[in-house]
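Working notes for the structure below.
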Amino acid sequence: MLELARDSAERIYAGKAASCHTLTQNEINALIAKHALAGKIVCRLKGGDPFVFGRGGEEATYLRERGIPFVIVPGISSAIGGPAYAGIPVTDRSCASSFAVITGHEDPNKPESALDWENIAHGADTLVFLMGLANISEIASKLIEHGRSPETPAAAIQSATTPSQRVVVGTLADIARKVREAGLESPALTIVGEVVSLRSKLAWFDNRPLFGKRIVVTRAREQASELSRLLHEAGAEPIEVPLIRIEQVPPAENLILRLQSADWIVFTSANGLPCLLNQLNVLGSDIRALGKAKLAAIGPATAASLQERNLRVDFIPSKFVAESVAEEFPDPTGKRILIARAQTAREALPSLLRKRGAEVDEVAVYRTVMENSELPDLSKVDAITFTSSSTVQNFRERYPHKIVGPVIACIGPITAQTAREAGLQVHIQPKQYTIPALVEALKEYFAH
């Protein structure tokens, strides 16, 4: 959700954990009011629903007393979302027609508990306790004491809906012991009722092929989204550490004339066309400057960047490397081929095309520069992905030490060769040199 905020928005962390509050509730209330009264639009972003044990009511009351207008956006409570991600519905026609949400952590300043355990034990088919991991033994004991069967299924869910989710299933008689043995930690919720038995059929989130794997994505920030999305869908936690940044370079001399005199324009990266169009815009021109040239793309991702702008791609090689572009290029003899590429790039493509009789014109449309992103603790990472030689080189410049722990995954043979030359052991290389194939190769590796 934070990624939806504009870059200029001030972000203030006010998170809470058991016995560890960044700010007290009174301080949070005052902070919201302070910024609102200064004429700012304030978003109080809370997990779950602000009115389900979220203290949203207290914050809204504080604002109303000070004449500050507000809007409430309902959320999905962890009492429903958490069990759903564990494959546990809170109601089901076969065994539960009601549910109750109960705090497992009451205000410690209360003189005595306000929980009516006798009615709670029998008041609903499914019971969901929030923030009660430390009290799980007492909760189970109270329910049994007030008539709930010790054999009633129960589950504890840690870090629900995240790649760190862990689920422990048992009964009221043994759930506290199982949680203790498993070492579950807060934040966690506890769910009691026959619906817990449905997890064996409905689990879907924590049984995905890359569930819980922490995988570093080293692509440029503007390119990382597809790889991160596919990793996330497979259950992994993508850690974006962009090691390169794409920068515009000034338009080449006589760029428009060179484009219009080309028989072919070859793009070797998805960055090529957007950067070329930016250059044309600087010159007061647009996509029409491409003239009548045929268009070639080194692979499907590059082709997609052209097709998004309604440009038909005339040639894609069977293997997505420069050597295959040159070997399979249709009748290059005597053709004028313009290659729109990075400022620093391998010489294989222009050299091989010239050997086949083409007249090659190389035009730099962008450059890659090192991005100084902070590297994570690699001892807590399962894999590092590299999608270009420049990401490998920048990684090794930043981290020249021996890599112990995470596996190394490279998108193709050129990147893999660069990695080996840099002293890295390459564990994963897909047969096809694409982002989807790289993710499939990661799945296959970790499946074994």
Side-chain angles (χ1 to χ4, degrees), residues 1-7 11 45 47 75-76 81 84-87 159-165 203-246 267 269-275 297-309 316 320 368 371 373-376 380-388 390-392 394-395 406-412 415 427-447:
M1 294 300 292
L2 283 173
E3 292 176 1
L4 299 176
R6 61 174 183 256
D7 292 339
R11 292 161 171 78
L45 185 60
I76 298 174
Y85 268 62
S159 301
T161 79
T162 77
S164 302
Q165 175 174 300
W204 63 275
F205 177 69
D206 47 9
N207 59 3
R208 291 177 297 167
L210 293 178
F211 181 77
K213 301 298 181 187
R214 304 182 79 238
I215 300 178
V216 173
V217 176
T218 58
R219 302 192 90 191
R221 195 176 306 278
E222 58 269 28
Q223 293 180 305
S225 58
E226 182 191 12
L227 178 52
S228 294
R229 177 181 62 80
L230 292 174
L231 289 172
H232 183 76
E233 288 175 358
E237 179 185 358
I239 305 169
E240 293 190 6
V241 185
L243 295 175
I244 59 172
R245 183 175 71 253
I246 306 302
F267 295 94
S269 161
N271 300 309
L273 180 62
C275 292
I298 196 170
T302 303
S305 73
L306 274 68
Q307 291 160 352
E308 285 170 3
R309 294 162 176 84
I316 304 175
F320 314 135
T368 58
E371 185 79 281
S373 300
E374 184 177 349
L375 291 173
K380 298 178 181 178
V381 165
D382 297 288
I384 306 171
T385 62
F386 295 106
T387 55
S388 68
S390 55
T391 57
V392 174
N394 290 356
F395 174 79
V407 300
I408 303 299
C410 294
I411 196 169
T415 305
H427 304 84
I428 299 169
Q429 180 188 314
K431 294 178 181 178
Q432 279 196 315
Y433 319 143
T434 66
I435 295 299
L438 178 61
V439 175
E440 289 302 316
L442 284 160
K443 292 180 187 177
E444 185 177 349
Y445 179 89
F446 284 111

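Atom CZ in F211 sits 14.5 Å away from atom CZ in F446 (nearest 0.5 Å). Rounding to the nearest 0.5 angstrom, the gap separating the CG atom in D206 from the CD atom in Q165 is 5.0 Å. Atom NE2 of H232 sits about 13.0 Å away from atom CG of L227, to the nearest 0.5 Å. Atoms CZ and OG, from F395 and S390 in turn, are 14.0 Å apart once rounded to the nearest 0.5 Å. Note: L243 CG to T218 OG1 = 5.5 Å, rounded to the nearest 0.5 Å. The CD1 atom of I246 sits 6.0 Å away from atom OG1 of T368, with the distance rounded to the nearest 0.5 Å.
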Give the C-alpha distance, both sets of side-chain angles, the deciding distance and a yes or no for side chain to side chain contact (heavy atoms under 4.5 Å, CB included) between T415 and Y433. CA-CA 10 Å; T415 305; Y433 319 143; over 6 Å; no

Is there a side chain to side chain contact (heavy atoms under 4.5 Å, CB included) between I411 and I435? Walk through the geometry before answering. CA-CA 7 Å; I411 196 169; I435 295 299; 3.8 Å; yes

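Residues meeting the side chain to side chain donor-acceptor pair (under 3.5 Å) test with K213, sequence neighbours left out: none.
Residue R219 comes nearest to T387 through the heavy atom pair CG-OG1, 3.1 Å, listed as atom of the first residue, atom of the second, then distance. Considering all non-hydrogen atoms of both residues, A303 and I316 come closest at CB-CD1, 3.6 Å. Minimum interatomic distance between S269 and I298 (heavy atoms only, all atoms of both residues): N-CG2, 4.4 Å. Residues P238 and S228 approach most closely at CG-O, 3.6 Å, considering heavy atoms. Taking each heavy atom of F205 and Y85 in turn, the nearest pair found is CB-O, 3.2 Å. Nearest approach of P300 to T434, heavy atoms of both residues: CG-CG2, 3.6 Å.
By the neighbour-count criterion of 12 heavy atoms within 6.0 Å, atom NE2 of H427 is densely surrounded, having more than that number from other residues, nucleotides or ligands. The 12-atom threshold is not exceeded at CD of E444, counting heavy atoms of other residues, nucleotides or ligands nearer than 6.0 Å.
Checking side-chain atoms of R214 against main-chain N and O of K380 turns up a donor-acceptor pair under 3.5 Å.
Taking 4.5 Å as the limit, some side-chain heavy atom of K443 sits within range of a side-chain heavy atom of L210. You'll find the side chain of E226 reaches within 4.5 Å of the side chain of R229, heavy atoms only.
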